[in-house]
Amino acid sequence: MDLGLKDRTVVVTGASGGIGREIARGYAAEGARVVLTYRNAPEEAEVLARELGGLALPYDLGDPGSAEALVAEVRERTGGIDVLVNNAVRWGDRPPGPDGSFEDVPDAEWTEVLRHNVEGALRLSRLVAPGMRERGFGRFVHVSSGAVAEGMIGGEYYAAAKAALHGFSRSAAFSLGRDGDILSNVVMPGFTRTARNEAMAEAVGHHYSTRAPIGRLLDAAEVANAVVYLGSAANTGITGQVIAVTGGV
């Protein structure tokens with residue numbers, strides 16, 4: 001299937017590893033010009049960008065100036081942004097886990113998780129949307145988390161932030177759709193096997209795979225396939241939706 005991505009500019013945030021890395025690879029395989037962003041892993045991002053013939057640029061969810069600089073540079077180098085994949089994430093100072101209670105998390109920490117994850121994605125979307133409206137074409141894909149639907153001890157604020165993307169994307173789809181072929185969707189992965197979480201997948205993956213109709217965890221490339229399709233010109237009618245890519249869990 002021709003996904004209509006050749007020579008389109010795609011920005012994938014948080015693409016130096018994990019699911020983001022496979023999303024970038026998926027778009028590049030379809031002939032897109034891929035801009036991948038990083039925060040803490042410039043070397044990994046540069047290596048991947050060279051592999052894909054793309055561009056690696058810094059981006060910090062919590063820094064408004066970083067978003068403005070990213071969009072300005074991408075426009076200068078490519079002329080515009082056709083697809084935005086909001087994949088970058090900020091966990092906070094402590095990863096999710098069974099220790100402690102959500103009400104014990106210091107105010108500065110939980111508000112940072114909410115603000116960076118929500119405001120970062122929305123701010124970048126606001127900056128990209130005018131160009132899409134002007135050209136009458138665009139795709140937004142916001143990467144969420146199965147924690148929104150399934151729950152996760154220690155992930156209360158992260159899940160709240162990701163849930164906010166669901167509401168934003170749904171309403172934005174109506175606004176954007178008035179101005180052309182501009183679609184906005186959420187992809188909600190479950191626990192996914194990536195190059196960075198092999199140890200965790202081996203330790204706790206069976207809790208998820210035994211519940212899945214397919215009897216296994218998905219890998220990052222399988223989630224990326226859904227993101228690439230939803231963010232392509234081949235997707236002409238799916239918008240305002242939350243697509244669970246979980247292996248059926």
Side-chain angles (χ1 to χ4, degrees), residues 1-5 8 10-15 18-30 32 34 81-89 117-118 120-122 124-125 128-129 132 137-152 155 158-177 181-194 197 205 208-209 211-249:
M1 178 185 293
D2 180 3
L3 297 186
L5 285 165
R8 293 194 186 277
V10 179
V11 174
V12 182
T13 66
I19 294 174
R21 172 183 289 265
E22 298 306 320
I23 293 172
R25 283 179 169 151
Y27 278 109
E30 296 295 328
V34 179
I81 297 169
D82 299 299
V83 182
L84 173 61
V85 180
N86 277 313
N87 173 72
V89 65
N117 284 295
V118 176
L122 269 59
L124 199 51
S125 299
V128 169
M132 292 183 176
F137 178 88
R139 299 287 185 270
F140 291 90
V141 185
H142 311 281
V143 180
S144 177
S145 168
V148 173
E150 292 290 315
M152 178 173 59
Y158 170 74
K162 287 301 187 181
L165 291 183
H166 296 201
F168 171 74
S169 179
R170 176 65 178 172
S171 290
F174 287 92
S175 171
L176 295 163
D181 182 13
I182 311 174
L183 311 179
S184 177
N185 289 288
V186 171
V187 166
M188 186 174 66
F191 187 87
T192 303
R193 188 184 298 274
T194 74
N197 73 354
Y208 301 91
S209 61
R211 295 167 51 209
I214 62 174
R216 63 176 178 82
L217 298 178
L218 296 185
D219 63 33
E222 291 175 298
V223 175
N225 288 340
V227 175
V228 171
Y229 175 76
L230 289 171
S232 75
N235 171 25
T236 59
I238 302 173
T239 193
Q241 303 303 305
V242 176
I243 308 299
V245 187
T246 63
V249 176

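Throughout, numbering of the chain's residues begins at 1 and tracks the sequence. Side chains are part of it too, since the values below use all heavy atoms of this structure and drop only hydrogens, waters and symmetry mates.
Taking CD1 of I243 as the start and OG of S144 as the end, the distance is 12.0 Å to the nearest 0.5 Å. Here CG of L183 is found 9.0 Å from OG of S232. Values are rounded to the nearest 0.5 Å. Taking OG from S145 and OH from Y158, the interatomic distance works out to 4.0 Å, rounded to the nearest 0.5 Å.
In this structure, the side chains of F137 and R8 come closer than 4.5 Å at one or more pairs of heavy atoms. Counting heavy atoms from C-beta on, the side chains of S125 and L84 come closer than 4.5 Å.
Residues P213 and G247 come closest through the heavy atom pair CD-O, 3.1 Å. Residue G190 comes nearest to T246 through the heavy atom pair N-CG2, 3.4 Å, listed as atom of the first residue, atom of the second, then distance. The shortest heavy-atom contact between N117 and A161 is CB-CB, 3.6 Å. Across all non-hydrogen atoms, the minimal contact from H166 to V148 is CE1-CG1, 3.7 Å. In terms of heavy atoms, G231 sits closest to L5 at O-CD2, 3.7 Å. Of all heavy-atom pairs spanning V245 and V223, the tightest one is CG1-CA, 4.0 Å.
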>> Please determine whether side-chain contact (heavy atoms from CB on, under 4.5 Å) holds for the pair V12 and V227, giving the CA-CA distance in whole Å, both sets of side-chain angles, and the decisive distance to 0.1 Å.
In response: CA-CA 10 Å; V12 182; V227 175; over 6 Å; no
> Between M188 and K162, is a side-chain contact (heavy atoms from CB on, under 4.5 Å) present by the stated rule, with each step listed?
Replying inline: CA-CA 9 Å; M188 186 174 66; K162 287 301 187 181; over 6 Å; no
>> Would L165 and L122 count as a side-chain contact (heavy atoms from CB on, under 4.5 Å) here? Give the steps.
In response: CA-CA 8 Å; L165 291 183; L122 269 59; 4.0 Å; yes
>> Using side-chain contact (heavy atoms from CB on, under 4.5 Å), reason through L176 and M132 one step at a time and then give a plain yes or no.
In response: CA-CA 9 Å; L176 295 163; M132 292 183 176; 5.8 Å; no
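Panel note: side chain N185, backbone I238; a donor-acceptor pair is recorded below 3.5 Å. Judged by distance alone, with hydrogens and angles left aside, the side-chain atoms of E30 form no donor-acceptor pair with the main-chain N or O of Y27 at under 3.5 Å. Looking at T239, its side chain does come within 3.5 Å of a backbone N or O of S184 through a donor-acceptor pair. Proximity of a side-chain donor or acceptor of R21 to a complementary backbone N or O of A15 within less than 3.5 Å is not detected. Within the 3.5 Å criterion, the main-chain N or O of Y229 finds no donor-acceptor partner in the side chain of N235. At distances below 3.5 Å, at least one donor-acceptor pair connects side-chain atoms of N87 with backbone N or O atoms of T13. Looking at R139, its side chain does come within 3.5 Å of a backbone N or O of D181 through a donor-acceptor pair.
Not counting sequence neighbours, the partners of F168 by the ring pair (Phe, Tyr, Trp, His ring centres under 6.0 Å) test are H142.
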